[in-house]
Amino acid sequence: MAQRRYWLLKSEPSAYSFSDLMSEPDQTAEWDGVRNYQARNFLRDDIKEGDRVLFYHSSVDPTAVVGTAVVVRSSYPDHTAWDPDSDHPDPKSTPENPRWYMVDVRGEAGLPIPVTLAAIKANPSLENISLLTRPRISVHPITPEEWDIILAMGQEGGLGHTGA
DNA sequence: GCCAACGTTGGC
DNA sequence: GCCAACGTTGGC
């Protein structure tokens, strides 16, 4: 009965950044717009209130884990799917038969040092992290060990110092 | 901006 | 239900 507790969520900061999240009222936002079935299944079935989240910036230089968040509302239908004016409309998803799901997350704190993808790749302890083994998914399960390692790497003077 | 990886679609 | 074509993601 391995209940998952840690996740990594990707976002392109040009679309929605960690500082955008921290600027929200109560630092809370809907994690909408996921339109991939594997990611959807995690959101719908596995991510629960209280789970912890690594916020990852993709498609920027450098790509990196930049902060942490906590899930404050578990799975409910992504209403932006049936909003034709949203950024990710999907006419096949309806209120009666929703196809896509989302959660609400509340930003906690930025990491003192962003943990870059390069640093993650360079750490042998993280060679099996889902981020590396299953690329191109926007939601990844994270083990407690990986969570601890990445947070340690993100501290001043921590394991993230691969060089000067 | 390129392009590899891989998820999704749709014809058969 | 297979698989080729197509679209998207996302690192570089």
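Taking a heavy-atom distance under 4.0 Å as the criterion, the stretch of DNA chain C touched by chain A extends 5' to 3' from dT9(C) to dC12(C).
Counting any heavy atom pair closer than 4.0 Å across all strands shown, Asp61(A) reaches no nucleic acid atom. Among the heavy atoms of the strands, none lies under 4.0 Å from Glu12(A).
Outside the 6.0 Å centre-distance limit, the rings of Trp7(A) and Phe55(A) are not counted as a close aromatic pair.
Using cut-offs of 30° and 60° for the angle between ring planes, the Tyr16(A) and Trp31(A) rings count as perpendicular.
Looking only at distances, no side-chain donor or acceptor of Arg40(A) sits under 3.5 Å from a matching main-chain atom of Tyr101(A).
Asp104(A) places a side-chain heavy atom less than 4.5 Å from the side chain of Tyr76(A).
A salt bridge is defined here as a Lys NZ or Arg NE, NH1 or NH2 lying under 4.0 Å from an Asp or Glu carboxylate O, and Asp78(A) with Arg35(A) meets this definition.
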